[in-house]
Amino acid sequence: MTGKIRTVTEVVKTVPDGAHIALGGFAIARSVVAVVHELIRQKKRDLTLSQGVAGLDTDLLVGAGAVARLIIGGGSLDRFGPVHCINRARESGSLSFEDWSSLSICFRYLAGALGLSFIPIKSLIASEILDRLENGAGAVQVKAIACPFTGERYVAMKALVPDICFVHVQIADSEGNCRILGPRWDNEEQAKAADRLVVVAEEIVSTDEIRREPERTIIPAHRVEAVIHQPFGAYPASVFGCYDYDAAHLKLYVEHSRDARKITDYIDEYIRGTADHSAYLEKAAPLQQRSALKARPVLGY
Amino acid sequence: MTGKIRTVTEVVKTVPDGAHIALGGFAIARSVVAVVHELIRQKKRDLTLSQGVAGLDTDLLVGAGAVARLIIGGGSLDRFGPVHCINRARESGSLSFEDWSSLSICFRYLAGALGLSFIPIKSLIASEILDRLENGAGAVQVKAIACPFTGERYVAMKALVPDICFVHVQIADSEGNCRILGPRWDNEEQAKAADRLVVVAEEIVSTDEIRREPERTIIPAHRVEAVIHQPFGAYPASVFGCYDYDAAHLKLYVEHSRDARKITDYIDEYIRGTADHSAYLEKAAPLQQRSALKARPVLGY
Amino acid sequence: MEIRATEIMAAAGARELKNGETVVVGIGLPQVACFLAKATHAPELTPLLEIGVANMRPKDTPVGLADSRIFYRATCWSGFLDVMGMNLHRGIVDTGFLGALEVDRFGNINTTLSKHGGKLRYFNGSAGGNDVASLAKRVIVIMRHEARKLPVAVAHLTSPGFPGGKPRADLDLRGGGPHRIITDKAVLGFDAGTRTAQLVSLHPGISFDDVAANTGFPLQRPDSIAVTSLPTAEQLRILREEIDPKSVYLGQAL
Amino acid sequence: MEIRATEIMAAAGARELKNGETVVVGIGLPQVACFLAKATHAPELTPLLEIGVANMRPKDTPVGLADSRIFYRATCWSGFLDVMGMNLHRGIVDTGFLGALEVDRFGNINTTLSKHGGKLRYFNGSAGGNDVASLAKRVIVIMRHEARKLPVAVAHLTSPGFPGGKPRADLDLRGGGPHRIITDKAVLGFDAGTRTAQLVSLHPGISFDDVAANTGFPLQRPDSIAVTSLPTAEQLRILREEIDPKSVYLGQAL
């Protein structure tokens, strides 16, 4: 039974311009590349993006000019380089930028997930991150408060409640019960904070299989609006247990992302120039190449 | 290698009178009976106990007169009956009592686990639970506050940080990496809130086994001070995946717990009258009886 | 076999649940009502247990919330923080079922103590009850219909309905509050204006005077009195053959 | 083979770690230093990764924190909330290792931007850096020794050391703050009174004048100058044969 299984094209059609999107990737791991490519193909505009540590997915969206506002804790492509498109956009001031830390973004998602409109934290204090938030786009998101019991001073942060969250997982059933293999960074909190949740799964299993190990269900089906079944949906990023990152393609990406014109060439060739994710995969990594990236069962990469 | 493996006797010797102990059981499931019995044998006094939903473990300690203060969200022995010893102590006013709800206790443990000195909640509002806290023992634990961003009114609660937490788990290694099978109620939050953490495990596995499925580690070793290996350590309560509750012994317990004198008879016979948990098991549930309670692998009970 | 009051109650409870909803249930009739709805008009219902369970398939008639039999073959095992924090407190739980020692005319619930005959006796307290009553969009109470269990005012306000008859918003309560009280004699609802309990329907063969005499607070006689629909033959078959074959929940004296 | 500066740095980092401690590490030299300590005097060290990893056994020289190779065979895979919330924010992380674009005389760290030559350039930002600097009991920075990377004041205070030279408590910061700056030329520490960076030891063959000339803030010449201990033969063997056989971290230009 197909349940909530939808194509990425169908799902992205339901994302309005200007929406606040939370992305589940971290640097070059479980990046929601299939979704980001389709957001670019469908020419979505003025998006607000939030993420703990931005990576390939967010850098691409910024490079495509789809983003008006960024709310992130940091950004990196690991050793392959910095997030050039994001950094360039900051330097040119072409988008509204909120700089946080990994834990403060996680706490803000946690507050959203728990239905708390605010949460205190002991990070950010006495830093220029806080100064910039207080004097900039984040001014209405932070406030100095004291513990009503101990008097200890905290930074109160407003809950982060994305309109829609996209998380890339290894295993799901057609109803949306999800398993995440390996570390989960802030995926559970961001997924449960969002008003709408869509998961991209490498593999679809039966609900009976899910019922065999319910402890492993990180996201239960009733929270999930749609399930996109897309093997290699994070390529060229890695998905633990499924496939490794493609170092050659990441180098190619970074070469292009250094330069505003060249990133457009990349996007035209690999994204706008391909009809869908399958066509993109055939172009960027034909079957033989994908097979070589497949994870070995014990190593997981 | 023995790592952090200790006997319940050794561990309980390190618990000072007057300590705040968090217990991991829920009604008649994963109750930390082996620890509670030893606390009674070693005549610990003036304990503060906190727990989400009190059950057999807490009722026993209260019945033995070891508890000076109770902080719980509720209490029950499921269909076997109410927590007679706890209710009787309340009626006679023989202990200081803080009545909360399951979620408010969980949020207070969460705050403790996250190193937040307080946390807001939208439960308790407009209830006599809150009135009693404000006018009684809980007065310094609750305070009305408003969200600094939305102005929404919350009850701020002080974090709950137990001196020592005892949690009964199915599987651990000798270093303290723990798996909990089945629902976990507030075990993770209370365990990570406490200043000291001791786990009682039904089965000890190698650390290599733990490294095969790290997603299943709910409590990592570096949080754990000691591991008590005690099969049937929760008897007559149930431990999902290991054994069922013993309905006959629970009925026997409830019959005794109804009456102040009779509960003393029970404690004298089954706890003070036995040298340790093995002697107690031999008396209360000889091998054949324990075998009959063993869980069937698929059903888990 | 004659239709039992418990079967009428289960069917009435099931009728209140819409397909696709998220429901916090407890052991006994709430769970039976939820699974009856799921087996009939609401297959995509998601039952949750406060201890950290979603979409379970109870087996061998569990004795309580902590019984391994109740969370058998669930699709998710988590904890309080997920079910009550990230669902209930997040505001996405549609219906919460609760039992009660007492429910008063404003739907306030007491599960903490009784003072009958001047003697103070304590019971289980809130557990998740106050959280469900505070936060669920809609609360349904299932209980025995008895005057002393339906007083003008509860002896202890454990879980809020409409305290003082006030609108929930004025009290800073998020959830929608009490929606139905389903008893062995009738279904009660709440007047939108006065927020007091009103008769919705009488179970077949039960008179208004019987209900009024067994209700501790004044109950207004409606101009026309509805009768609670009986369970259909198919509902009875599911209740008796699939959900509770040993008649553990449906056979008990409430 | 000659002892490399990176090997001296790794050994110096390892020396700062006591057995039984909990340590938040990153990719590269911090991870190498941590595993050197674990393989020698501190077998019960627990390395944590912010993404949700405890006690991993990295394999095949990972390229970063999100590389599956770095969290291989961990004893626990969780998330930010566990590692950074329930460990770091809970106050039980003993040491946090950080890298930096710039570190100033008060140990304040910049990982956000550079303004060299008047040109504003942005970098990775905080990620877990501000959280570690704010909350760990002790912070150790490992970096290349260059005047422009060790300025009087950072171009952007991403992660607090002793801002304004003030005591951390006066600033409401919980963690202990910067403890060591380990570079390819020397080990720096912080004066308890002035909270400014001081020379702790020079690596063998490095002169004070060399270090002073390559430090952007004034560095006081101690009366007697200690020399950083070289890695032992056993430490070198472990570094070269077990931890980084391909010389990926130890071979790189910092």
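With a 4.5 angstrom heavy-atom cutoff, B:Tyr109 does not touch chain C via any of its atoms. Contact annotation for B:Leu124: both backbone and side-chain heavy atoms come within less than 4.5 Å of a heavy atom of chain C. With a threshold of 4.5 angstrom between heavy atoms, C:Phe123 approaches chain B through N, CA, C or O but not through any side-chain atom. Only the side chain of C:Leu113 comes within contact range of chain B, judged by heavy atoms closer than 4.5 Å. Both the backbone and the side chain of C:Ile51 come within less than 4.5 Å of a heavy atom of chain B. Of the atoms belonging to B:Asp186, heavy atoms from both backbone and side chain fall under 4.5 Å from chain C. Within the 4.5 angstrom heavy-atom criterion, no atom of C:Thr111 approaches chain B. Of the two parts of B:Asp131, neither the backbone nor the side chain holds a non-hydrogen atom closer than 4.5 Å to a non-hydrogen atom of chain C. With a 4.5 Å cut-off on non-hydrogen atoms, B:Val155 does not touch chain C at all. Using a 4.5 Å cut-off between heavy atoms, B:Ile86 does not touch chain C at all. Only the side chain of C:Arg73 comes within contact range of chain B, with at least one heavy atom under 4.5 Å from a heavy atom of that chain. Proximity to chain B (any heavy atom under 4.5 Å) is shown, for C:Asp67, by both the backbone and the side chain. Contacts of C:Ala54 with chain B are absent, with no heavy-atom separation under 4.5 Å from either backbone or side chain.
Scanning all heavy atoms of the two residues, the minimum distance from C:Trp77 to B:Arg184 falls at O-NH1, 3.4 Å.
Chosen from C:Pro62, C:Ala74, C:Ala66, the residue pairing most often with chain B at heavy-atom distances under 4.5 Å is C:Ala66. Taking chain C as the reference chain and counting heavy-atom pairs below 4.5 Å, the highest number among B:Glu189, B:His84, B:Arg132 is found for B:Arg132. Heavy-atom pairs under 4.5 Å with chain B were tallied for C:Leu81, C:Leu171, C:Leu173, C:Val154; the largest tally goes to C:Leu81. The candidate from B:Arg88, B:Arg153, B:Arg90 with the greatest count of non-hydrogen atom pairs under 4.5 Å with chain C is B:Arg90. Counting heavy-atom pairs closer than 4.5 Å to chain B, the top-ranked of the candidates C:Gly125, C:Ser159, C:Ser126 is C:Ser126. The choice from B:Gly74, B:Gly55, B:Gly75 that makes the most heavy-atom pairs within less than 4.5 Å of chain C is B:Gly75. Most heavy-atom pairs under 4.5 Å with chain B, from the set C:Gly52, C:Gly128, C:Gly64, C:Ser78: that is C:Ser78.
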